[in-house]
Each structure stands twice: as C-alpha cells, then as structure tokens.
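Here's the structure we're looking at; comments come further down.
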Amino acid sequence: MKNISVADLATAIGGTITQQGTRPVTAGLTTDSRAVTPGSIFLALCGERFDGNDYAAQASGTAAAVVVSRCTGQYAEACTVITVSDTLAALQALATWWRAQLEPIRVIGLTGSSGKTSTKDMCLAVLSCQFNTTATKGNLNNHIGTPLSILATEKGTEAAIWEMGMNHAGELAPLCRMTQPHIGIITTIGSAHMEYLGSREAIAQEKCTLARCLPADGYMIYPATDDFATTIAASTKATPLPVGGCDSLVRALNVRTTAAGSSYDLYIAELGTIRIDLPVPGTHMVSNSLLAAAAGWKCGCSLQAIAHGLSRSTLTHGRLACKEADGYTIIDDTYNANPESMKAALDTVAAMRGPARRFAVLGKMGELGAGGITAHYEIGLHAAACGFAALVVVGDECAETTALCQGAADRIPAVLVNSPAEAAAALRQMIAPGDAILFKGSRSAGMERSMYELFPSLKSE
C-alpha cells in the first residue's frame, strides 16, 4: 500500500490529523519502528510488553505519517500525525479499505487445523504460473498478520492467497471480513486448539466461518475424506468442491511415493488428466496439492500451468524439509505440531526408502488442553508402530509418549530429556551416518535448536 494521501489514510481509519506534515506516502506500512523507511507509514501497535506510541516520535524522523493512540514526545514537522482511539482497530480498518482498492483481484482465503502454510505455498506456485500473485508471508495469519498481508499487496496484483489462523472462537470472522475471499480452502479440521475450543465440533464450527462468508458464485474447497466434509458443505452458499474422493472432480490416481516426494495422475473434470511430480515428501502433501490444484482450476489456470506449478512447489522453512548433512538425512518439520501433523510426519519418515535407521526427536504439542495427555500417549503408540530405531522426547508434557513407546508390544527405545540441548546430546550417542532423523514439535518447543546443535551447517541454509 503506497501512494495514498494522508487525508485518505485518516478517513479510512477514522482518525484525526493532529499534525499536518509535508512528506508524501510513497512506501508501505510497518508496525516496527526499526523497519521505517522514507515515505512509509508507522502504526503504533500496543501489546502487553510494549507500546508502539513510545517509538512514534523517533519513527517520525523518517516516516511520512505516524498513526498513534496517544501523543508522546515531539514529532518531526514534516511527518503527519494521525490520532485514533485504537491502533489495532485502525490497522484492520485500513486493511479492509485497501482490500476494496485492489479490485479486480482473485482472493483465496485459507484456513485449517494443519497444512495451511504448505497448501498456501502450493497455491502460490500454481497461480504464479499465470497470474501476478501474492501470498501471506511466513506465518502472518492472525489478527495482526492478516491485515499486514493485505496491506503489503500492491494494486495490479491479480491473485492473492491469504492464510487465516485462529485458536479461539470468533477470531476468523473479522479476518474473513477483511480478506473477502471468493474461493475458500479448509485443509483439515483436526484437534489443534482443543484447549480453547473444547471439541472438534466446536473447531469445525469456527473453521466453517470461512465457508459461511463466501459468496454464492464462489467455491468452497476441502478434502472429501475429512470427518466434517458434510458440515463444511452444509455451511456455505458457495459451490462445495470436495477433492480427493473416488468421485471428486479433482482427484489423484496411481499415486507413488518416494523419499523425495510423490508422483500421480491429476484428474480435473473439464480439463483432463496430467502427470504430477510433487517434490514434497508425505502422502498428506498429495491431499494439499489437490486443494491447490482445485483453486488453480477455479481461478482459470490451465492444466499445464497447474502441473508446472505443483512440480516446482517449495515449502516455507521448517515444513517437512528433507536435507542432507554429514551423511545423514534430516527431516526438518520444526515449525509447529499438532496430533494430525505429528502422525503424518512420522508416517512420511517411516515410508522413506534408503535410510539405514530412522530416529525422531519430538517436542510437545501445544494448545491441546485436557486432551494433551491422551494426544501425546497416542503419538507414542503411533511412533512405536512406525519402525523407528528410537525416539528422543523433550519435556515433561511428552512423558506419556515415552512411557507408551517403552511399554508397547513392539517397544522401541525412548529417552525423555528436559531440553533441546539434552536431546542433541542423547541422540549423538545413538546415530550413525546413513540414518534419517525427524525433528518436530510445537513452535514453543524450539526443536530446531536440537537440529542445529547436531548439524550446525544447516543453520546457514
């Protein structure tokens, strides 16, 4: 968002110009005073441990405009100062206004319990083959990240894929109002965020906020095999588009998997069949690729463009990335974890051909509430059946995982440690070149620290 007048800016956010400056807005918006550039807008967000208003005067030395909820210090005369009662509400109002300025644009809104970012990456790869396309950067998918993603989109962009996350009831509705998608994708409805929503049924109702917001001429894309597929279809006035079922309009035929990825025949009604070589390991990634293929189809991509895009898909850092280091195969899935993605990662590594042995370093899964003990217990059961040589499990929350592995009929060695550093030390005593090692846990578990401790060369990638 750039080249707007400060008057339009103030109107869009319902603010008052308390100091009229002379600098034109020629750059985008930032909420980080360290990232202010000439001509940009600094918006002073406030949190539990910081107050952006305290940095606005400093930012005014470079910015074209600052948006604040209280005035502190002296502002540079050339900088416009706009005052609002709530800077977060102003950010969201500005994103809603800017979204309207982007028309015409194809917008895909994407949510789900797991697989959001991987599916977004595949959608971006597909749509970029035919359209000037943007997508959510990294994991900027919450009440702050989503408006920032919208505001980072330039006029003339033909397609956008905006990821929307949540962990409490009611959080998706304002994100849907901001993004105004024509196509919706729900990747999965699992047990992530059970701590706050209480049941999978409640999670489904929240995720279906996306389905309910779509227009009648839109499309709601989701896996045909999801437990809540019927709920999703019944929640929308858009056209339901389930993928991956035996009679779905978009499905995969003759699937073959390798350590490096999968190949299959992609069938899309009206377009035909084409061979896909997906360079991402894991059979669950085939399902994600079908969601992206369906989105590409309904955005107007050709069958050849869809195949080309999927064949060059790359995932955001820390998502099931297969790497080689010092003679080992490393599977970096450290970005986050929930029961569904944890089992999928274990299955993916178990199915790899070539490694002499397979190991896993697992951290806790967060936001599971009272079901956390059972969920970690079930991961232990699943891991014990997957043929791993051993597990190293980090944190007391994972004690049930360790106990289950040690007590299972097909027991495998499982070591419980207190920190990622201890995990690296324990694993070092077990492994040898030729082995494959999975690193996975929730973001707060910091499992990448174990990986970098053992394989420092990966840190520079």
Side-chain angles (χ1 to χ4, degrees), residues 92 95 99 106-124 134-150 159-194 196-197 199-215 218-229 231-238 240-244 284 287-292 294-295 298 315-316 319 335-336 338-341 367 443:
Q92 296 173 346
R99 164 67 182 88
R106 301 166 177 85
V107 174
I108 298 169
L110 191 152
T111 192
S113 297
S114 60
K116 293 188 295 297
T117 302
S118 300
T119 303
K120 174 205 69 183
D121 292 338
M122 292 181 190
C123 285
L124 177 61
T134 188
T136 299
K137 300 293 189 297
N139 200 37
L140 291 174
N141 63 10
N142 64 4
H143 61 296
I144 296 173
T146 297
L148 288 176
S149 294
I150 296 170
I161 307 110
W162 288 323
E163 182 182 331
M164 294 179 285
M166 47 67 63
N167 52 24
H168 291 81
E171 290 183 338
L172 278 182
L175 304 186
C176 290
R177 286 194 293 270
M178 278 185 269
T179 55
Q180 290 293 299
H182 183 257
I183 294 174
I185 297 177
I186 296 178
T187 59
T188 55
I189 295 176
S191 51
H193 315 309
M194 193 78 80
Y196 304 117
L197 285 136
S199 69
R200 287 188 69 205
E201 289 73 18
I203 293 169
Q205 284 303 310
E206 178 64 16
K207 296 296 185 186
C208 283
T209 301
L210 173 58
R212 291 188 290 272
C213 89
L214 296 174
Y219 296 91
M220 182 63 245
I221 302 170
Y222 55 94
T225 55
D226 193 276
D227 293 343
F228 292 90
T231 302
I232 296 171
S235 299
T236 187
K237 57 181 178 287
L241 185 52
V243 305
H284 60 299
S287 176
N288 293 344
S289 72
L290 293 178
L291 298 170
K298 290 307 177 183
L315 302 188
T316 300
R319 267 80 168 186
Y335 189 80
N336 217 334
N338 56 52
E340 291 76 27
S341 68
E367 297 185 6
R443 184 84 298 273

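Note that the coordinates shown come from a computational prediction; the quantities given were computed from them, not determined experimentally. These values consider heavy atoms only, across backbone and side chains, with no hydrogens, waters or symmetry-generated copies.
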Would you check if [X] and [Y] make a side-chain contact, meaning some heavy-atom pair closer than 4.5 Å?
| X | Y | result |
| --- | --- | --- |
| P215 | H182 | yes |
| L291 | P223 | yes |
| C123 | T119 | yes |
| M220 | I232 | yes |
| S341 | N336 | no |
| S287 | T188 | no |

Please check this pair: side chain of [X] against backbone of [Y], looking for a donor-acceptor N/O pair closer than 3.5 Å.
| X | Y | result |
| --- | --- | --- |
| N288 | M122 | no |
| R443 | Y335 | yes |
| K116 | G112 | yes |

State the [atom1]-[atom2] distance between [X] and [Y], to the nearest 0.5 angstrom.
| X | Y | atom1 | atom2 | result |
| --- | --- | --- | --- | --- |
| K120 | W162 | NZ | CH2 | 13.5 Å |
| K137 | L148 | NZ | CG | 11.5 Å |
| T236 | I221 | OG1 | CD1 | 11.0 Å |
| M164 | E171 | CE | CD | 12.5 Å |
| N141 | T136 | CG | OG1 | 7.0 Å |
| Q92 | M178 | CD | CE | 4.0 Å |

Item to check | Stepwise side chain to side chain contact (heavy atoms under 4.5 Å, CB included) test for Q205 and R212 | outcome: CA-CA 10 Å; Q205 284 303 310; R212 291 188 290 272; 3.6 Å; yes

Checklist entry - E163 and side chain to side chain donor-acceptor pair (under 3.5 Å): which partner among T111, T117, T187, T179? => result T117

Checklist entry - Would M166 and L175 satisfy side chain to side chain contact (heavy atoms under 4.5 Å, CB included), going step by step from the backbone distance to the final call? => result CA-CA 10 Å; M166 47 67 63; L175 304 186; 6.0 Å; no

Item to check | Stepwise side chain to side chain contact (heavy atoms under 4.5 Å, CB included) check, K207 with Y222 | outcome: CA-CA 11 Å; K207 296 296 185 186; Y222 55 94; over 6 Å; no

So which atom in [X] and which in [Y] form the shortest heavy-atom distance, rounded to 0.1 Å?
| X | Y | result |
| --- | --- | --- |
| V243 | A294 | CG1-CB, 3.8 Å |
| N142 | G145 | OD1-N, 2.7 Å |
| L210 | C176 | CA-SG, 3.8 Å |
| Y219 | L214 | O-CD1, 3.5 Å |
| G244 | A224 | C-CB, 4.5 Å |

